[in-house]
Asker: 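Take this structure first; my questions come after.
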2 protein chains.
Amino acid sequence: MAMNGRHSGRPTLEEVALRAGVGRGTVSRVINGSPRVSDRAKAAVEAAIAELGYVPNRAARALAGNRTDAIALVIPEPETRLFAEPYFSDIIRGIGAELADTDMQLLLTLIRTPKERARFAQYLAAHRVDGVLLVSVHEDDPLPDLLEQLEMPAVLNGRRSDLESVSYVDADNVGGARAAVAHLIARGRRQVATITGPPDMYVARSRLDGYRQAVESAAGGLGGFDTALVARGDFTEEGGRRAMRELLVRRPGIDGVFAASDVMAAGARAVLREAGRRVPEDVALVGFEDSAIARHMDPALTSVRQPTEEMGRTMARVLLEEIAERASVRRHVVLATELVQRDSV
Amino acid sequence: MAMNGRHSGRPTLEEVALRAGVGRGTVSRVINGSPRVSDRAKAAVEAAIAELGYVPNRAARALAGNRTDAIALVIPEPETRLFAEPYFSDIIRGIGAELADTDMQLLLTLIRTPKERARFAQYLAAHRVDGVLLVSVHEDDPLPDLLEQLEMPAVLNGRRSDLESVSYVDADNVGGARAAVAHLIARGRRQVATITGPPDMYVARSRLDGYRQAVESAAGGLGGFDTALVARGDFTEEGGRRAMRELLVRRPGIDGVFAASDVMAAGARAVLREAGRRVPEDVALVGFEDSAIARHMDPALTSVRQPTEEMGRTMARVLLEEIAERASVRRHVVLATELVQRDSV
DNA sequence: TGGCGTTGTGGGAGCGCTCCCACGTAGGCT
DNA sequence: AGCCTACGTGGGAGCGCTCCCACAACGCCA
């Protein structure tokens with residue numbers, strides 16, 4: 001265990017090679033799982049690695065191999081607040097689980113200003129990561145296009161539009177919304193309204209589509225799709241309040257509401273209480289997301305659950321695949337949602 | 001712009017040097033802000049960097065400089081669920097803000113199994129990060145000691161005990177609890193109970209200390225500290241329920257409860273409702289954390305707010321300082337908490 | 001005028017890997 | 001027997017930086 005000169009203490013590849021009585025190349029091949037190594041050499045190298053407690057130097061690897069073994073998880077700062085929801089931690093947990101037995105590192109990148117966005121673009125151009133995971137992408141976000149242009153592997157959580165070109169993993173928003181509204185109708189609700197998200201978000205439009213489909217396919221008595229029953233929210237609680245007030249004015253006879261998010265449902269619930277409407281007796285309510293709020297509302301909110309952790313896992317898996325293969329085949333994955341029945345309907 | 005051979009396309013230090021008409025060393029000095037550079041050379045280099053769009057290669061830097069420019073944020077997996085609270089995202093936001101104009105990278109490391117813990121230890125030993133940020137540390141966690149032993153800069157969120165040796169940033173749990181209970185007493189409550197966290201967590205003990213201090217320093221009529229008014233919870237909703245039931249049995253005359261977390265307060269609130277006690281008329285309730293749950297409870301829960309984002313910022317700042325200076329001076333920072341009054345008391 | 005420091009500078013020598021070329025050596029074919 | 005193809009292997013040549021030594025150029029002092 002001679003520790004000569006300016007040596008940092010950690011064993012190097014070369015030292016492993018020496019100990020195993022083989023060349024540097026052979027050790028490298030063993031580490032990287034190359035098949036062109038004899039069993040004898042492989043065993044010797046593995047023994048030497050274990051004895052020395054050798055851990056490859058990431059930086060050297062990255063420099064020589066022109067890769068980084070790191071992927072970035074990009075979160076637009078304005079969204080982080082929304083992500084106080086279990087949603088965010090579930091996604092991260094899923095990603096972490098998928099990455100666990102890889103030796104990929106997960107870099108967390110918060111982007112709050114255009115300046116930081118530009119800086120991150122530089123990062124990308126300098127190839128400081130092998131791939132990028134993007135959550136909460138808006139339609140006008142230039143980042144996905146930049147990524148595509150740089151031929152940087154990337155996976156979005158959600159999509160910007162029906163024509164999304166970059167790989168994505170999304171939940172079945174249309175199906176979830178349809179199920180929620182169908183449930184409301186099945187329970188005998190006749191005037192079912194919806195509180196939507198901002199129309200420039202694909203996810204909001206999808207949930208509205210689901211609502212529309214359910215309403216239109218419901219047999220007689222409902223009178224089909226009625227725009228007066230659609231109020232626009234913005235995924236915030238206050239937005240939910242405003243929308244609910246509007247709806248109450250426009251259609252006082254409302255007996256069911258599908259809110260495109262639990263937070264908006266919470267806002268709507270508060271307004272309903274103020275207006276003296278009972279939930280679910282007078283007005284039934286369904287949310288979307290199955291967040292903690294849903295469970296803690298009074299009455300507990302029926303909501304549409306997304307397979308959040310699974311989405312995280314899938315995103316990571318898809319990204320790793322895309323990194324592994326050179327050709328850039330786009331993958332589009334849509335995972336099923338599920339209605340969680342509680343007491344609000 | 002000759003692009004010879006296997007060149008990756010990105011300009012290198014050498015190319016910048018060539019363009020600026022200086023040597024490699026000078027460019028390096030400019031980039032690293034060394035003062036021993038003439039203004040003329042500096043200007044030339046900066047121009048060349050701008051023209052070429054040069055971005056230093058991180059891996060090469062790390063390899064040559066024997067550092068990584070990265071810090072790890074370590075989150076024990078069992079905790080991630082708790083961190084669905086704004087707490088987690090606020091901490092992250094704070095860290096991100098502080099790191100924004102550094103070129104430190106933030107690595108997210110989830111640890112779920114002992115195996116992964118061992119692996120992370122290897123990481124550390126291999127010096128793949130310059131420093132470590134630890135959240136939600138338990139008393140029996142061996143990681144902080146390992147970090148200390150490796151002389152790896154580290155900052156904990158919270159502390160393991162009064163004698164914590166590693167640097168930490170914590171909220172004033174004692175003060176917050178004291179304020180909460182004092183408030184309860186000031187509102188005329190005579191029998192104020194508390195639901196604690198697990199006694200093997202320092203944070204739980206601190207909040208209990210605050211409770212005790214407030215009770216003991218309250219003038220006559222309360223009869224001082226009464227162990228029958230202390231029920232043990234575990235920071236879960238179910239634990240809050242159990243504790244509340246116990247309390248109701250032991251001291252039916254209870255008119256105030258300080259729960260050491262909002263989640264437990266939610267559990268307690270449910271039990272109180274079942275028992276036909278009104279909040280706050282019959283029993284006043286205060287939580288801790290000021291989470292989303294607090295705002296959404298009915299009635300909205302008065303709670304103790306921690307300066308979460310500020311804690312994140314401080315953690316990052318302290319860690320950067322510790323990395324910058326070679327000597328390992330431990331820093332212990334305690335940030336003030338604040339009582340947020342709502343409707344439950 | 002000579003010696004000394006001080007300032008700015010160039011560039012060699014690594015950092016610890018991967019890539020790849022070249023070299024045995026052993027087996028299969030004609 | 002001779003040749004060709006594998007296979008397994010060693011090690012040179014980088015990857016793009018930082019560190020540091022050496023050296024020029026310019027004062028300043030005695």
Side-chain angles (χ1 to χ4, degrees), chain A residues 3-45 48-49 52-70 103 125-128 130, chain B residues 3-45 48-49 52-70 103 125-128 130:
Chain A
M3 200 165 286
N4 58 344
R6 46 188 310 224
H7 197 278
S8 78
R10 307 287 320 162
T12 70
L13 224 195
E14 196 113 24
E15 288 166 18
V16 172
L18 205 65
R19 174 136 193 158
V22 299
R24 227 170 53 250
T26 301
V27 178
S28 177
R29 273 178 286 254
V30 171
I31 289 171
N32 295 293
S34 159
R36 335 202 123 284
V37 186
S38 66
D39 291 345
R40 225 177 69 73
K42 191 174 169 197
V45 169
I49 288 177
L52 260 33
Y54 169 74
V55 182
N57 180 316
R58 229 191 166 75
R61 235 176 168 172
L63 181 58
N66 196 39
R67 64 195 162 124
T68 64
D69 288 338
D103 67 343
H127 287 288
R128 304 230 262 219
D130 292 342
Chain B
M3 200 164 286
N4 57 345
R6 44 189 312 224
H7 198 279
S8 79
R10 306 289 318 164
T12 69
L13 225 195
E14 196 115 19
E15 287 167 19
V16 173
L18 204 66
R19 175 139 193 156
V22 300
R24 228 170 52 247
T26 302
V27 177
S28 176
R29 273 177 288 255
V30 170
I31 289 172
N32 295 295
S34 159
R36 337 200 119 282
V37 185
S38 68
D39 292 345
R40 226 177 67 74
K42 191 176 169 193
V45 169
I49 287 177
L52 260 33
Y54 169 76
V55 182
N57 179 315
R58 226 188 167 78
R61 237 179 166 169
L63 182 58
N66 196 39
R67 62 193 164 128
T68 64
D69 287 339
D103 66 344
H127 287 289
R128 305 230 261 218
D130 292 342

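Chain letters run A, B, ... following the sequence lines, proteins first and then strands; every chain starts at 1. For the numbers below, each heavy atom of this structure counts, side chains included, while hydrogens, waters and symmetry mates do not.
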Asker: For Ala44(A), does its backbone N or O pair with a side-chain atom of Arg19(A) as donor and acceptor, under 3.5 Å?
Answerer: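 Side chain of Arg19(A) to backbone of Ala44(A), a donor-acceptor pair under 3.5 Å: no, none is there.
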Asker: If you assign Val27(B) and Leu63(B) each to the DNA chain C nucleotide with the nearest heavy atom, which residue ends up on the more 5' nucleotide?
Answerer: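 The residue whose closest nucleotide sits nearer the 5' end is Val27(B).
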Asker: From C-beta outward on Arg24(B), which listed nucleotide comes closest to its side chain: dT18(C), dC17(D), dG10(D)?
Answerer: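 It is dC17(D).
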Asker: Under a 4.5 Å cut-off applied to non-hydrogen side-chain atoms, are Leu13(B) and Ile31(B) in contact?
Answerer: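 Heavy-atom side-chain distance check passes, below 4.5 Å.
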Asker: Tell me: CZ of Arg128(A) to P of dG16(D), nearest whole Å?
Answerer: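 The answer, rounded to whole Å, is 14 Å.
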Asker: If I take atom CZ in residue Arg58(B) and atom C1' in nucleotide dT18(D), what distance separates them, rounded to the nearest angstrom?
Answerer: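 In whole Å, dT18(D) C1' and Arg58(B) CZ are 16 Å from each other.
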Asker: In whole angstroms, how far is the P atom of dG10(C) from the CD atom of Glu14(B)?
Answerer: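 Taking atom P of dG10(C) as the reference, CD of Glu14(B) is at 12 Å.
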Asker: Quickly work out the Asn57(B) CG to dC15(D) P distance and round it to whole Å.
Answerer: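 Result: 11 Å.
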Asker: At 4.0 Å (heavy atoms only), tell me whether Ala41(A) reaches a base, stays on the sugar-phosphate, or touches nothing.
Answerer: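 Since only primed, P, OP1 and OP2 atoms lie under 4.0 Å of Ala41(A), the category is sugar-phosphate.
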Asker: To the nearest Å, give me how far apart CD1 (Ile49(A)) and C1' (dG16(C)) are.
Answerer: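 After rounding, the reported distance stands at 14 Å.
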Asker: Apply side-chain contact (heavy atoms from CB on, under 4.5 Å) to Val27(A) and Val22(A), showing your working.
Answerer: CA-CA 7 Å; Val27(A) 178; Val22(A) 299; 3.7 Å; yes
Asker: Whole angstrom is fine here: how far is it from CD1 in Ile31(B) over to C1' in dC19(D)?
Answerer: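 Atom-to-atom, Ile31(B) to dC19(D), this comes out as 15 Å.
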Asker: Heavy atoms from C-beta onward define the side chain here; which of dT9(C), dG10(D), dG16(D) lies closest to that of Thr12(B)?
Answerer: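 The answer is dG16(D), which lies nearest to the side chain.
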Asker: Considering only dG14(C), dT7(C), dA13(C), which nucleotide approaches the side chain of Ala64(B) most closely?
Answerer: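 Selected nucleotide: dG14(C).
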Asker: Does any part of the side chain of Thr68(B), heavy atoms only, come nearer than 4.5 Å to the side chain of Arg58(A), both counted from C-beta?
Answerer: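 No, side chains not in contact.
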Asker: Side-chain N or O of Ser28(B) less than 4.0 angstrom from OP1 or OP2 on dT18(D)?
Answerer: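 The answer is yes; a side-chain N or O of Ser28(B) sits under 4.0 Å from OP1 or OP2.
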Asker: Select one nucleotide: of dC17(D), dC17(C), dC20(D), the one nearest the side-chain heavy atoms of Arg29(B).
Answerer: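 Per side-chain heavy atoms of Arg29(B), the pick is dC20(D).
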Asker: Please confirm whether the backbone N or O of Arg67(B) pairs with a side-chain atom of Arg61(B), one donor and one acceptor, at under 3.5 Å?
Answerer: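 Not at all, since once roles are kept as given, no pair shorter than 3.5 Å links the two residues.
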Asker: Taking only N and O in the side chain of Asn32(B), is any of them less than 4.0 Å away from OP1 or OP2 of dT18(D)?
Answerer: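 Asn32(B) to dT18(D) OP1/OP2: side-chain N or O found under 4.0 Å.
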Asker: Side chain of Arg61(A): nearest nucleotide among dA13(C), dT18(C), dG10(C)?
Answerer: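 Nucleotide nearest to Arg61(A)'s side chain: dT18(C).
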Asker: Roughly, in whole Å, what's the span from CZ in Arg36(B) to P in dT18(D)?
Answerer: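 Answer to the nearest Å: 18 Å.
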Asker: To the nearest angstrom, how far is Leu18(B) atom CG from dG11(C) atom C1'?
Answerer: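 The answer, rounded to whole Å, is 14 Å.
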Asker: Hey, is the side chain of Thr26(B) poking within less than 4.0 Å of OP1 or OP2 on dG10(C), counting only N and O atoms?
Answerer: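 Yes, because at least one side-chain N or O of Thr26(B) sits under 4.0 Å from OP1 or OP2 of dG10(C).
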